[in-house]
Amino acid sequence: MPARPRRWAVLSLLLVLAGAGLAWAQPASLEGYLAIRRQLAARADSPDRAGLERQSAELRAALLSAAGRGSRLFVSLERRPDYDGAAEVRLARLVARDGRVTIEAMSGARPQSPAWERAGEIAPDAYVALVGRLLDDPTVIAGLPRPIFDPNAPGPRKAAVLRLAIGDEEWALEVLTGVPFERLSAVVAAVLEFCRIIPVLP
């Protein structure tokens, strides 16, 4: 009879280990990574800081590896025309799939007549490095409040958008005015500049 409880104990242990293995096999979560980074920023003296930093580094490495295999990055800055100035549209879309990265980017008053545009394939390492900079950016980590659209608000109409999808998970920031717009527009402008100067592969 004593063998039976031992057998059940062994089976229970195997089930626990199998469950843990399934958890380890789950893809890295972008939201989970950002939550850990926010926790680290908010709790400088946390007793479990070393463990959180290790977990953050592991998630970051897993996200970058996944981004190289399959991800999408979209950014845009838009200003609608008003009495102070003309319209301006600046946007870029980068797609990574199976080790290849394609880029489409433009800037101008209208998409039909851009001041500059790029299209083609770029080095995967450069794209992954760009995603890494976004994962480390304080504005991306902190997040921003959802915009409240007021059609009667004075001033020029403008918007900044950043969307990042890694695997099946998509995350986005969109802002319209104020300090949040200034913060996100700086991040988006850096991505657009990357797209403007990055060499396109022959």
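Note that these values count all heavy atoms, side chains included, but never hydrogens, waters or copies made by symmetry.
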Measuring only between side-chain heavy atoms, which start at C-beta, is [X] closer than 4.5 Å to [Y]?
X	Y	result
T102	L94	no
V95	F74	no
V161	L173	no
Q55	Y33	no
W171	R163	no
L134	V187	yes
S76	E78	no
F181	L176	no

Which pair of heavy atoms, one from [X] and one from [Y], lies closest together, and at what distance?
X	Y	value
L192	W116	O-CH2, 3.9 Å
P199	I122	O-CG2, 3.7 Å
I166	A66	CG2-CB, 3.7 Å
A160	L184	O-CD2, 3.6 Å
V131	A67	CG1-CB, 4.3 Å
G68	V128	CA-CG2, 4.0 Å

Run D98 and R69 through side chain to side chain contact (heavy atoms under 4.5 Å, CB included) and show every step you take. CA-CA 5 Å; D98 299 329; R69 295 191 302 271; over 6 Å; no
Once rounded to the nearest 0.5 Å, what's the spacing between atom [atom1] of [X] and atom [atom2] of [Y]?
X	Y	atom1	atom2	result
R54	E58	CZ	CD	6.5 Å
S185	R90	OG	CZ	9.0 Å
R37	D137	CZ	CG	10.0 Å
C195	L91	SG	CG	9.5 Å
Q39	E53	CD	CD	11.5 Å
L73	L130	CG	CG	6.0 Å

Can a side-chain donor-acceptor contact be found between S56 and R60 if the only test is distance below 3.5 angstrom?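 Side chains of R60 and S56: no pair found under 3.5 Å.
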Looking at E88 and R79, is there a salt bridge between them, counting it only when a charged N and a carboxylate O are closer than 4.0 Å?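 A salt bridge is absent here (no side-chain N lies under 4.0 Å from a carboxylate O).
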Does the pair E170/R72 count as a salt bridge with the N-to-O cut at 4.0 Å?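 Yes, E170 and R72 are salt-bridged.
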Check this for me: D48, atom CG, are more than 12 non-hydrogen atoms of other residues, nucleotides or ligands nearer than 6.0 Å?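 Counting neighbours around CG of D48, more than 12 heavy atoms of other residues, nucleotides or ligands fall under 6.0 Å, so yes.
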Might you work through the side chain to side chain contact (heavy atoms under 4.5 Å, CB included) test for L144 and T139, ending with a clear yes or no? CA-CA 8 Å; L144 295 168; T139 297; 4.1 Å; yes
Residues in salt bridge (charged side-chain N to carboxylate O under 4.0 Å, His left out) with R97, at least two apart?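 Per chain and number, R97 pairs via salt bridge (charged side-chain N to carboxylate O under 4.0 Å, His left out) with no residue.
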Can you list the residues that meet the salt bridge (charged side-chain N to carboxylate O under 4.0 Å, His left out) rule with E121, with sequence neighbours excluded?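 R100.
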Side chain to side chain contact (heavy atoms under 4.5 Å, CB included) between E193 and I197, worked out: CA-CA 6 Å; E193 181 63 12; I197 65 174; 3.5 Å; yes
List in chain and number order the residues that pass side chain to side chain donor-acceptor pair (under 3.5 Å) with R38, two or more places apart in sequence or in another chain; answer none if no residue qualifies.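 None.
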Between L34 and I36, is a side chain to side chain contact (heavy atoms under 4.5 Å, CB included) present by the stated rule, with each step listed? CA-CA 5 Å; L34 294 175; I36 292 173; over 6 Å; no
Is the backbone N or O of A105 less than 3.5 Å from a side-chain atom of R118, with the two atoms forming a donor-acceptor pair by type?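 Flag not set: sc R118 to bb A105 has no pair under 3.5 Å.
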